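On a predicted model such as this, the values are computed, not experimentally measured, just so you know.
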Amino acid sequence: METRGTSRRELLSYSMSDSNTTDCTNPSTFILLGIPGLEAAHVWISIPFCTMFAIAVLGNLTILFIVKTEPSLHEPMYYFLCMLAVTNLILCTSTLPKMLAIFWFNSKEINFSACLTQMYFTHCFSVMESGICVAMALDRYVAICDPLRHSTILTNPMVAKMGLAVVLRSSIVVLPFPFLVRQWPYCTTNIIPQPYCLHIALAKLACADTHVSTFYGLFVTFCVMGLDGIFIAVSYTQILRAIFSLPTKDARLKTFETCVSHLCVILAFYIPRFFISLMYRFAQNVPLHFHILIANVYLLVPPMLNPIIYGVRTKKIRVRLLRLLTHKGA
């Protein structure tokens with residue numbers, strides 16, 4: 001209760017400032033509060049976030065460099081991994097620099113258009129990451145269930161077409177969000193009680209009927225990304241059937257190990273995603289700062305974990321990285 005009271009008082013104090021509410025019907029800027037109720041700890045909170053951000057950027061850039069410079073890694077699975085690395089880089093760099101500016105320099109203002117751009121990129125690349133997980137599941141399905149045709153089905157042009165389809169789908173699906181947000185009036189406040197712009201946060205500020213936008217957000221979450229999850233589940237059902245039909249235990253374990261990295265990436269992405277989406281819409285009694293912390297962790301943990309998972313679990317990447325670190329590589 002005290003945390004909520006603190007948040008409301010800060011929201012009120014910002015709302016009374018002429019510089020922040022010159023025209024709330026069509027605001028030129030929004031105010032990002034960071035993590036309301038934990039302002040005194042912003043500098044300390046920034047340390048783990050900055051560390052995770054640095055690991056995510058360094059790890060994903062390393063994956064891209066290793067795959068580019070190692071000819072033996074020029075295969076569909078690693079091409080999809082590069083797509084995932086680029087997506088993770090854009091996803092975390094679209095939010096973390098501004099978040100750290102809030103934590104370190106109290107730079108809370110964000111231009112209306114910049115807020116919409118940040119919102120679009122965050123949602124677009126989240127959907128894109130889901131699509132890449134589907135493409136990687138398809139790669140594992142073909143590699144295990146129809147290995148003799150893997151090289152003829154997943155050719156380089158086919159991988160490029162799949163990547164293009166993932167990009168176009170995410171770009172088009174998320175495109176209505178900024179248009180819906182732009183047309184709303186904001187007659188109460190322009191203060192966003194979190195460190196970056198999201199569709200659901202802006203919808204809560206609008207003093208208009210946002211049911212269409214809310215339903216569309218649920219459609220994207222459950223129909224688009226939910227269908228991705230179903231497709232992945234079906235793919236892995238067939239993969240597990242093929243694995244358990246192998247004659248020896250060693251063969252089953254060796255084949256299953258080729259899927260472990262992808263399964264870890266899927267779990268790191270989908271479980272927090274659905275938990276946060278449901279929490280935002282239905283868990284009204286959860287403290288605001290808990291909402292914000294969990295959402296921030298969700299944005300950073302998958303980009304940080306993905307290169308670590310593939311670097312540790314994939315022998316070719318691990319060997320190439322060790323050669324690079326010991327200066328024995330070409």
Assess whether a salt bridge exists between Glu257 and Lys315, defined as any Lys/Arg side-chain N lying under 4.0 Å from an Asp/Glu carboxylate O. no
When hydrophobic residues are tied together by side-chain contacts of less than 4.5 Å, even through go-betweens, does Val265 share a cluster with Val234? no
Side chain to side chain, Ile243 and Leu253, heavy atoms closer than 4.5 Å: no
Per side chain to side chain contact (heavy atoms under 4.5 Å, CB included), Ile110 is matched among Leu116, Thr117, Leu32 by Leu32
Does the side chain of Tyr236 come within less than 4.5 Å of Tyr141's, by heavy atoms? no
Heavy-atom check, side chain of His150 versus side chain of Pro76, under 4.5 Å: yes
For the student: nearest non-hydrogen atoms of His199 and His123, plus distance: N-NE2, 3.1 Å
Please state whether the rings of Phe215 and His211 are parallel, tilted or perpendicular, taking 30° and 60° as the class boundaries. tilted
Quick one: does any side-chain atom of Glu109 pair with a main-chain N or O of Ile31 as donor and acceptor, under 3.5 Å? no
Would you mind checking if Arg323 and Glu70 are paired as a salt bridge, meaning a charged N to carboxylate O distance below 4.0 Å? yes
Assess, by modelled atom type and distance only, whether the side chains of His262 and Tyr310 contain a donor and an acceptor separated by less than 3.5 Å. no
Note, Ile66 side chain near Tyr78 side chain (heavy atom, < 4.5 Å): no
Less than 4.5 Å apart, side chain to side chain, heavy atoms only: is that true for Asn306 and Phe269? no
Are Tyr216 and Phe177 near enough that their ring centres are under 6.0 Å apart? yes
Hey, are Asn111 and Thr29 close enough side-chain-wise for a donor-acceptor pair under 3.5 Å? no
Can you check whether Pro195 reaches Thr95 side chain to side chain, under 4.5 Å on heavy atoms? no
With a 3.5 Å distance limit and no angle check, can you tell me whether Thr221 reaches the backbone of Leu218 through a side-chain donor-acceptor pair? no
Side-chain donor-acceptor pair present, Asn106, His42, cut-off under 3.5 Å: no
Do Val260 and Leu84 share a hydrophobic cluster (ILVMFWY, side-chain heavy atoms under 4.5 Å, transitive)? yes
Under 4.5 Å between side-chain heavy atoms, counting indirect links through other Ile/Leu/Val/Met/Phe/Trp/Tyr residues: same cluster for Val301 and Phe290 or not? yes
Hey, is the main chain of Thr210 close enough, under 3.5 Å, to the side chain of Ser213 for a donor-acceptor pair? no
Any donor-acceptor pair under 3.5 Å linking the side chain of Ser170 with the backbone of Val167? yes
For a 4.5 angstrom cut-off between non-hydrogen side-chain atoms, does Ile232 reach Cys133? yes
Counting N and O atoms only, with roles assigned by atom type, does the side chain of Glu75 sit under 3.5 Å from a partner on the main chain of Met77, one being a donor and the other an acceptor? no
With clusters defined by side-chain heavy atoms of hydrophobic residues (ILVMFWY) lying less than 4.5 Å apart, directly or transitively, does Phe121 cluster with Leu175? yes
Going by heavy atoms in the side chains, are Leu89 and Val57 under 4.5 Å from each other? yes
